[in-house]
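Have a look at the structure below before the remarks.
The chain is numbered in sequence order, starting from 1. Bear in mind that the values here come from a model prediction, so they are computed numbers and not experimental data.
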Amino acid sequence: RTVEGQLSRALAAPTTGAGAVVPTVDARYGESQVWGAEAEYPNVGKLQMDILAAALAADVTRVAAIQWSKSVARNGHPWLPLDYKSESWHALSHDGQAGLDAAKARADRTKVYTWYAQQLASFLSRLASVPEGDGTLLDHTLVLYCSEMGEGNHSSNDIPYLYAGGAGGAFRTGLCLDARNAQGAQRFNNDLFVALGRGFGVPLDRFGVPGRSANKRFSSGVYGDLLA
């Protein structure tokens with residue numbers, strides 16, 4: 001009911017007549033901001049996470065995703081103490097390529113990444129507070145936290161993945177794994193998704209479309225170190 005009340009208040013502002021709150025258009029987005037000012041971004045994200053936690057707890061769904069902003073994100077993070085408050089997240093991710101001081105941009109990115117990690121921690125705590133069977137909702141859930149890029153220069157290498165929950169013991173937890181093999185060669189990112197499928201009982205061998213040559217393949221097999 002708390003989440004319902006928050007949503008009702010957020011959506012209750014009139015858009016016509018006296019006291020109207022008209023959605024503004026931010027030139028960086030080129031689209032209507034129906035939730036109002038950019039500063040509302042954290043509140044909207046919290047509501048989304050609260051709704052998702054409630055849906056999982058009530059078994060309304062067992063699979064879901066939350067995406068903060070979008071690819072080529074034009075939003076900023078004005079509530080954080082950044083040197084480049086007026087710059088978009090996209091510009092910060094490219095730092096020197098966007099004409100920004102690289103060191104300051106990296107420091108700003110660290111603050112932004114820290115904030116997103118704090119939102120993840122809040123969501124995990126919410127799941128851990130819900131009793132379920134012989135443990136908690138978090139114990140029986142797998143949460144994957146990641147970005148689509150390893151760096152803002154569009155690199156798909158060295159992407160960090162964080163997973164929490166263990167899905168009822170299907171996955172090993174408490175680990176920090178380096179996916180490179182003994183020769184230093186990197187694994188495909190999709191090998192992680194093969195492991196996730198296996199952990200949920202889906203007999204995957206590959207994820208994505210296998211190419212006919214080594215440099216076109218998207219997956220080489222299961223990353224078994226994740227599986228219990």
Side chain to side chain contact (heavy atoms under 4.5 Å, CB included) involving Thr110 - partner list, sequence neighbours excluded: Thr114
Gap between atom CG of Leu80 and atom NZ of Lys111 - 0.5 Å precision: 8.5 Å
Ile51 side, atom CD1; Leu56 side, atom CG - distance, nearest 0.5 Å: 12.0 Å
Heavy-atom side-chain proximity of Tyr223 to Leu177 below 4.5 angstrom: yes
Non-neighbouring partners of Asn43 that pass side chain to side chain contact (heavy atoms under 4.5 Å, CB included), sequence neighbours left out: Glu40
Student check: side-chain heavy atoms of Arg172 and Leu227 closer than 4.5 Å: no
Distance (rounded to the nearest 0.5 Å) between Arg109 CZ and Ser93 OG: 7.0 Å
Heavy-atom check, side chain of Asn190 versus side chain of Arg206, under 4.5 Å: no
Phe123 CZ to Asp50 CG distance, which is reported to the nearest 0.5 Å: 9.5 Å
side-chain contact (heavy atoms from CB on, under 4.5 Å) between Val143 and Tyr163, worked out: CA-CA 5 Å; Val143 178; Tyr163 68 98; over 6 Å; no
Gln119 side chain near Met49 side chain, heavy-atom distance below 4.5 Å: yes
For Ala167, side chain to side chain contact (heavy atoms under 4.5 Å, CB included) partners two or more places apart: Leu142, Ala170, Phe171, Phe200
Partners passing side-chain hydrogen bond (donor to acceptor under 3.5 Å, both in side chains) against Asp191 (at least two apart in sequence or in another chain): Arg187, Ser219, Ser220
Listed partners of Pro42 passing side chain to side chain contact (heavy atoms under 4.5 Å, CB included), at least two apart: Trp79, Trp115
Qualifying residues under salt bridge (Lys or Arg N to Asp or Glu O under 4.0 Å), relative to Asp205, sequence neighbours excluded: Arg198
Validation: residues 57-67 side-chain donor-acceptor distances under 3.5 Å, sequence neighbours left out:
from	atom 1	to	atom 2	distance (Å)
Asp59	OD1	Arg62	NE	2.8
Asp59	OD2	Arg62	NH2	3.0
Thr61	OG1	Val63	N	3.3
Thr61	OG1	Val63	O	2.9
Gln67	NE2	Ser69	O	3.1

Flag side-chain contact, heavy atom, 4.5 Å: Leu120 against Leu124: yes
Separation of Glu87 CD from Leu82 CG (nearest 0.5 Å): 10.5 Å
Basic-acidic side-chain contact under 4.0 Å: Lys104, Asp108: no
Inter- and intrachain pairs under side chain to side chain donor-acceptor pair (under 3.5 Å), touching residues 132-147, at least two apart: Glu132-His140, Asp134-His140, Thr136-Asp139
Sub-6.0 Å ring centroid separation between His77 and Tyr84: no
Those residues that, when tested against Phe193, pass ring-ring contact (aromatic ring centres under 6.0 Å, His included) (two or more places apart): Phe207
Nearest non-hydrogen partners of Arg126 and Ala53, listed with the distance: CG-CB, 3.5 Å
Contact summary for Gly169 and Ala228, nearest pair of heavy atoms: O-CB, 3.1 Å
Aromatic ring proximity, centroids under 6.0 angstrom, Trp68 and Tyr113: no
Side chain to side chain contact (heavy atoms under 4.5 Å, CB included), paired with Leu192, selected from Val222, Ile159, Leu226: Leu226
